[in-house]
Amino acid sequence: MGDDLMGAGWVAATVRAKAMARRRMGAGAARRLASSAGLPDALRLLDGTAYARAAVPGTTLPEAEQLVAAAELWQLRVLSGWMPGSASGLARALAGRYELANIEAHAGALADGRRRTYLELGSLAMSWPRIAVTTSADGLRRALAASPWGDPGDSMAENLHDVLVLRWLRMVVAEAPQTIGWASGAAVLLAAKQLLVATGGHAVGRAATPLIGDGWLRARSVAALRPAVPVAGRWVLEGVGSPAELWRAEAGLAGRIEADGFRLLRQGTPGLDPVLGAVAVLAVDGWRVRAALGDASYGAGPGEVLDVLA
């Protein structure tokens, strides 16, 4: 990045990032959400928070989950406005997870004809404006192939999520190499998913190779998978031996990202690291809030996901 990492742009961005991180709900508030008598009660607890738009009476769980994601994205859009111009590629890469969600939703709309609500990416959009106007699955695939997302492969319906996630992880690492531990862990988790439930075929293997190599493709068990993936991501497999345990690994990944995010936030020097830390902490906070709202909607109290993320 051309700007001095301790220049005025990064100072302003760091101050804003730390202020945003202080507004997170956190683990305790999320458990109170999950302990609500039902979804309407939980949504009322969002009033006055960064997720207040989801507090409107009558909001359904899918709508609330979308609004929580929209709040995360809005915070990233605001933060990107304080970052130096040389960090525009990083901001778009970080926002790629929301463009990814839009792409998946659009693919679903093309498949079933039902209207979807999309997240507003604004200036952080990479390829969404061109993708959004496609009117068929073939057109969507061509638009993706001509974009940084790349061709999702022949079995697009089955592969789309995993392939796009893996390509998004590569985008983030290219802009912020210090995220390689997070990206490797996420890629290894997807590799375990492929191994244990066989969801994505060769397209997922090709997309994962730049992050974790291809040795894992020959593994036939989680025990064989561990030594076949890079050390940087191997930790995510701790305690995983069956498909039923993948949720725990996903929650553990989120917990690791949050812990690292707090460590980066505590950096005394303004710059990229504390900004990345805030983005990580806020992303996990939104993930935790969505999990808590799901628990509240079922009326069973805080679930095991929140226990792992405590």
Side-chain angles (χ1 to χ4, degrees), residues 1-3 5 7-25 46-56 59 63-106 116-133 147-149 164-165 167-169 171-176 179 182 254 257-258 261 264-265 270-290:
M1 296 182 183
D3 291 1
L5 289 179
W10 283 115
V11 171
T14 298
V15 171
R16 176 62 64 170
K18 291 185 175 183
M20 286 181 164
R22 285 193 293 270
R23 288 199 66 205
R24 70 190 183 279
M25 290 203 68
L46 296 178
D47 196 23
T49 73
Y51 312 110
R53 287 184 61 195
V56 177
T59 300
E63 289 168 345
E65 291 171 336
Q66 176 87 350
L67 289 167
V68 169
E72 296 170 33
L73 174 56
W74 175 248
Q75 291 179 101
L76 180 56
R77 288 177 63 183
V78 171
L79 182 56
S80 72
W82 291 86
M83 293 162 65
S86 59
S88 60
L90 170 65
R92 290 192 181 92
L94 293 171
R97 64 189 292 252
Y98 305 102
E99 180 160 308
L100 184 161
N102 278 358
I103 294 168
E104 285 192 271
H106 185 54
R116 299 296 201 278
T117 300
Y118 300 112
L119 297 166
E120 294 288 340
L121 291 156
S123 63
L124 297 187
M126 289 184 290
S127 309
W128 175 239
R130 293 184 296 278
I131 291 169
V133 298
S147 78
W149 295 104
L164 292 183
V165 167
R167 289 178 178 160
W168 168 63
L169 294 171
M171 294 176 196
V172 173
V173 171
E175 294 290 340
T179 63
W182 304 343
I257 291 171
E258 183 179 55
L264 293 172
L265 270 171
L272 172 58
D273 281 354
V275 171
L276 274 178
V279 172
V281 166
L282 292 171
V284 175
D285 195 61
W287 192 84
R288 182 189 276 115
V289 167
R290 286 191 292 275

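Hydrogens, waters and symmetry mates play no part in the numbers below; they use all other heavy atoms, side chains included. Residue indices begin at 1 and follow the sequence shown.
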inquiry  = For the backbone of M83 and the side chain of W10, can you confirm whether one donor and one acceptor N or O come within less than 3.5 Å of each other?
reply    = no
inquiry  = Is there a side-chain contact between S147 and M126 in this structure, where contact means two heavy atoms from C-beta onward sitting under 4.5 Å apart?
reply    = no
task = Report yes if the side chains of E120 and W74 come closer than 4.5 Å at any heavy-atom pair, otherwise no.
result = no
query = Would the number of heavy atoms belonging to other residues, nucleotides or ligands and lying under 6.0 Å from CZ of R130 be above 12?
reply = no
remark   = Residues A50 and R23: closest non-hydrogen pair is N-NH2, 3.5 Å
query = G261 and A280: which non-hydrogen atoms are nearest, and at how many Å?
reply = CA-CB, 4.2 Å
inquiry  = Tell me whether R53 at atom CZ has more than 12 heavy atoms from other residues, nucleotides or ligands lying less than 6.0 Å away.
reply    = no
ask   = Quick one: does Q75's side chain have a donor or acceptor within less than 3.5 Å of a partner on L282's backbone?
value = no
query = Do V279 and M20 have side chains that get closer than 4.5 Å, going by heavy atoms?
reply = no
query = About how many Å separate OG1 of T14 and CG of L272, when rounded to the nearest 0.5 Å?
reply = 9.0 Å
query = Can you find a heavy atom in the side chain of E72 that is under 4.5 Å from one in the side chain of R97?
reply = yes
inquiry  = Could you report the tightest heavy-atom contact between L46 and A54, atom names first, then the distance?
reply    = CD1-CB, 3.8 Å
request  = Say whether, by atom type as modelled, one donor and one acceptor occur between the side chain of R24 and the main chain of A21 under 3.5 angstrom.
outcome  = yes
key: R167 (side chain) donor-acceptor with W149 (main chain) under 3.5 angstrom   = yes
message = Given 3.5 Å as the limit, does a donor-acceptor pair link the side chain of E99 with the main chain of L121, or not?
response = no
inquiry  = Is the shortest side-chain heavy-atom distance between T49 and V289 below 4.5 Å?
reply    = no
ask   = What distance do D285 atom CG and R290 atom CZ have between them, rounded to the nearest 0.5 Å?
value = 9.5 Å
message = Could you tell me if the side chain of W182 sits less than 4.5 Å from the side chain of V172, heavy atoms only?
response = no
Closest heavy-atom pair and its distance - T117, Q66 = O-NE2, 2.8 Å
Atom pair CE (M171) and CZ (R92), whose distance is rounded to the nearest 0.5 Å = 12.5 Å
request  = Can you see which heavy atom on I103 is nearest to which on W128, and at what distance?
outcome  = N-CZ3, 4.0 Å
message = Donor-acceptor pair, distance only, cut-off 3.5 Å: does the side chain of D273 make one with the backbone of L264?
response = no
L276 versus A176, closest heavy-atom pair with distance = CD1-CB, 3.8 Å
key: Any L124 side-chain heavy atom under 4.5 Å of Y98 side chain   = no
